[in-house]
Amino acid sequence: MKIVHAASELYPYMKTGGLADAVASLTGALVDRGHEVAVFLPGYRSVVDDPDAAEAVTVLRPKIEMGDVFMSGEIKTFSPRVGLTVYLVCRDEFFDRRNAYGTGERDYEDNHHRFIFFCKGVVETMRLLRMNADVIHCHDWQTGLLPLLLRHAEQRHGDVLAMRTVFTIHNIAFQGVFPMRSFYRTNLPDELMGIDGVEYYGQLSMMKGGILFADRVATVSPQYAKEIQTPEFGCGLDGVIATRDEDLVGLLNGIDRNVWNPATDEMLPSKYDARDLAGKKLCREALLARHGFDSDFKGPVFGMVCRLTTQKGVDLVLANREFFKREEVRLIVLGSGDARLQEGLRELAASLTRKVALCTRNDECMSHLIEAGSDFFLMPSRFEPCGLNQMYSQVYGTIPIVTNVGGLVDTVKDLAGNPLNGTGIVISPTAEGVLAGLRRAQALYGDKARYRSAQLRAMQTEFGWDKAVAGYEALYD
Ligand code: ADP
Ligand code: GLC
């Protein structure tokens with residue numbers, strides 16, 4: 001099949017979270033299955049400057065209609081591997097910036113214009129290059145208007161640009177809601193401004209557009225597909241989702257074993273596999289030493305890698321300061337985000353310099369070292385559409401401590417109740433739940449035989465893309 005993806009992130013060119021990994025590994029897996037795949041990405045500075053893009057050629061310089069003006073854009077393309085073409089929608093005013101969505105706490109103020117422009121750039125390129133896709137697969141709110149813009153362009157020009165459209169919700173908490181006055185930039189018919197269109201409490205919701213107007217809607221785990229139909233997890237869009245329940249499917253993300261595999265991981269100081277964990281011990285020592293801790297430390301090491309947000313339950317960890325003060329454990333956190341949470345962790349690390357470390361860089365190598373060098377991976381999310389780190393930690397032989405939500409439910413079996421096939425510790429998303437998880441982890445760590453067998457089972461769990469790709473192929477069909 002000829003499959004076009006459009007997304008605002010793609011590993012390794014632009015990544016703020018799991019979206020980048022998921023789009024890269026899904027598209028890679030589709031290429032492995034013999035499909036012809038193109039991925040559209042905004043031409044951010046980091047992509048244009050990437051060595052892979054050094055050979056990029058300009059294939060179009062379209063004039064994009066944005067309301068009552070036409071804006072010029074440039075479409076560059078390169079091919080990182082056979083079967084995969086990346087198209088960059090460039091316009092320096094919008095994308096020649098360091099970040100994807102904003103700096104620190106603040107989103108860029110023109111994100112609505114940036115991503116309307118991006119979606120229109122995709123449509124124009126598909127039209128002018130006569131791409132004739134079987135499917136266009138859109139990811140998250142940044143591409144939410146694409147199915148509508150595509151059908152509108154088809155009607156206007158009498159072409160068929162893509163047979164079918166798919167919209168995947170990676171996180172319904174981010175909806176791309178903007179003042180309705182920006183709607184005119186879409187050049188879509190006015191009737192779409194209403195409740196049956198993209199209107200959401202008087203504003204323009206890009207995610208609602210994707211949910212209502214794609215032929216099929218997917219999300220990244222079966223459990224999250226159920227959850228987003230409830231008021232508790234639907235973030236106000238549960239009613240809209242309910243209208244598409246027949247067309248909604250939850251397909252669990254896989255992980256890219258070429259990037260996340262302790263036996264081949266070049267980012268680690270030492271490689272290892274389930275047969276020989278000596279390398280994991282060296283990674284642990286290196287991790288401790290890098291953060292100024294004694295590399296001989298004998299107690300449990302807890303790792304955490306995430307955006308510092310309430311989604312990830314960082315406040316639930318902070319509520320357990322006393323635990324870290326009293327117990328002989330280490331906690332190493334890699335992440336940045338919410339200023340209050342970041343400050344809370346900074347204070348904790350400053351008051352417990354011997355035990356807690358915080359690294360706020362964006363550091364891909366450190367994220368691999370934490371997965372490999374920790375004994376437990378802490379992920380107390382309040383909601384988690386899929387979550388990748390709990391899968392990465394399992395294949396790295398690091399026991400995940402996760403809450404009973406979303407994709408975490410679909411990927412981690414609790415050791416309690418599943419002594420023969422459990423691979424992790426499942427808790428409730430509360431401060432008490434986190435404390436219970438930390439205590440269970442201490443007890444498990446003290447029982448070397450039980451810890452070791454859980455670790456080996458975790459490492460053997462299959463988290464590849466085979467199943468999800470088959471699911472997407474069926475959906476495309
Ligand atoms: P989400 O997409 O909600 O942020 P996921 O678990 O799906 O959560 O994916 C998060 C991804 O982002 C993982 O690959 C994780 O390692 C990575 N990540 C988060 N923060 C950092 C950071 N500061 N440095 C490097 N990688 C990070
Ligand atoms: C989102 C979700 C995360 C998921 C990722 C990739 O960022 O928060 O749970 O793993 O997308 O689908």
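Quantities reported herein were computed from a predicted structural model and do not represent experimental measurements.
Within the 4.5 Å cutoff, no side-chain heavy atoms of R216 are placed close to those of V249. Proximity of S182 to Y184: side-chain heavy atoms (C-beta onward) are nowhere separated by under 4.5 Å. Using a 4.5 Å heavy-atom threshold, the side chains of L41 and V89 count as separate. Annotation: side chain of M71 is not in contact with side chain of K63 (no heavy-atom distance under 4.5 Å). Looking at L88 and F78, their side chains come closer than 4.5 Å, going by heavy atoms from C-beta outward. Looking only at side-chain heavy atoms (C-beta outward), D21 and Y392 come within less than 4.5 Å of each other. Side-chain contact between Q460 and T423: absent, with no pair of heavy atoms (C-beta onward) separated by less than 4.5 Å. Using a 4.5 Å heavy-atom threshold, the side chains of V317 and L378 count as touching.
With respect to the salt-bridge test (charged N to carboxylate O, under 4.0 angstrom), the residues R257 and D265 do not qualify. We find that K271 and E266 are joined by a salt bridge, their nearest charged nitrogen and carboxylate oxygen being less than 4.0 Å apart. With respect to K2 and D134, no salt bridge is recorded, no charged nitrogen being found less than 4.0 Å from a carboxylate O. Salt bridge E9/K15: absent, no basic N to carboxylate O contact under 4.0 Å. Here K280 does not pair with D273 in a salt bridge; the nearest charged N to carboxylate O distance is not below 4.0 Å.
The number of heavy atoms from other shown groups lying within 6.0 Å of CZ (R307) is above 12. Annotation for K413: atom NZ does not count as buried by contact number, only 12 or fewer foreign heavy atoms lying within 6.0 Å. Within 6.0 Å of CD in E36 there are 12 or fewer heavy atoms belonging to other residues, nucleotides or ligands.
The ring-ring contact (aromatic ring centres under 6.0 Å, His included) test with F40 singles out one residue from F118, Y87, F115, and that residue is Y87. Applying the side chain to side chain donor-acceptor pair (under 3.5 Å) test between E384 and each of Q311, Q390, Q223 identifies Q311 as the sole match. Exactly one residue among F117, Y44, Y101 makes a ring-ring contact (aromatic ring centres under 6.0 Å, His included) with F94. That residue is F117. Considering T430, I401, D315, V434 in turn, V434 is the only one that fulfils the side chain to side chain contact (heavy atoms under 4.5 Å, CB included) rule with P380.
Between F178 and W141, the distance separating the two ring centers is shorter than 6.0 angstrom. Aromatic pair F167/H137: centroids not less than 6.0 angstrom apart.
Side chains of D52 and Y13: a donor on one and an acceptor on the other come within 3.5 Å. The closest side-chain donor-acceptor pair between D256 and Y11, if any, does not fall under 3.5 angstrom. Counted by atom type alone, H170 and D140 present zero donor-acceptor pairs between their side chains at under 3.5 Å.
Here the CD1 atom belonging to I169 is positioned 4.0 Å from the CD1 atom belonging to I241, to the nearest 0.5 angstrom. A distance of 6.5 Å separates OG of S221 from CG of L252, quoted to the nearest 0.5 Å. The structure places CD1 of I370 at 12.0 Å from OG of S393, a figure rounded to the nearest 0.5 Å. To the nearest 0.5 angstrom, N261 atom CG is 8.0 Å from N258 atom CG. In this structure, the separation between CZ on R185 and CD1 on I116 is 8.0 Å, given to the nearest 0.5 Å. Rounding to the nearest 0.5 angstrom, the gap separating the CG atom in N418 from the CZ atom in R457 is 9.0 Å.
Using modelled atom types, no side-chain atom of H139 and backbone atom of A7 make a donor-acceptor pair closer than 3.5 Å. The backbone N or O of H113 sits nowhere less than 3.5 Å from a side-chain atom of D110 that would complete a donor-acceptor pair. Side-chain atoms of N187 come within 3.5 Å of backbone atoms of G67 as a donor-acceptor pair (strictly under, hydrogens ignored). For the pair R91 (side chain) and S72 (backbone), a donor-acceptor distance under 3.5 Å is present. The main-chain N or O of E371 is never found under 3.5 Å from a side-chain atom of S374 such that the two would form a donor-acceptor pair.
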One pair to check against side chain to side chain donor-acceptor pair (under 3.5 Å): E74 and T58. What are the steps and the verdict? CA-CA 7 Å; E74 186 176 351; T58 298; 2.7 Å; yes

Stepwise salt bridge (charged side-chain N to carboxylate O under 4.0 Å, His left out) check, K120 with E65: CA-CA 8 Å; K120 291 192 159 203; E65 188 178 19; 5.2 Å; no

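Across I64 and G121, no two heavy atoms sit closer than the pair CD1-CA, 3.7 Å. Looking at every heavy atom in both residues, S205 comes nearest to Q175 through OG-O, 3.9 Å.
By the 6.0 Å and 45° rule, R97 stacks over the aromatic ring of Y108.
W465 and Y472 have tilted rings, their planes meeting at an angle from 30° to 60° on a 0 to 90° scale.
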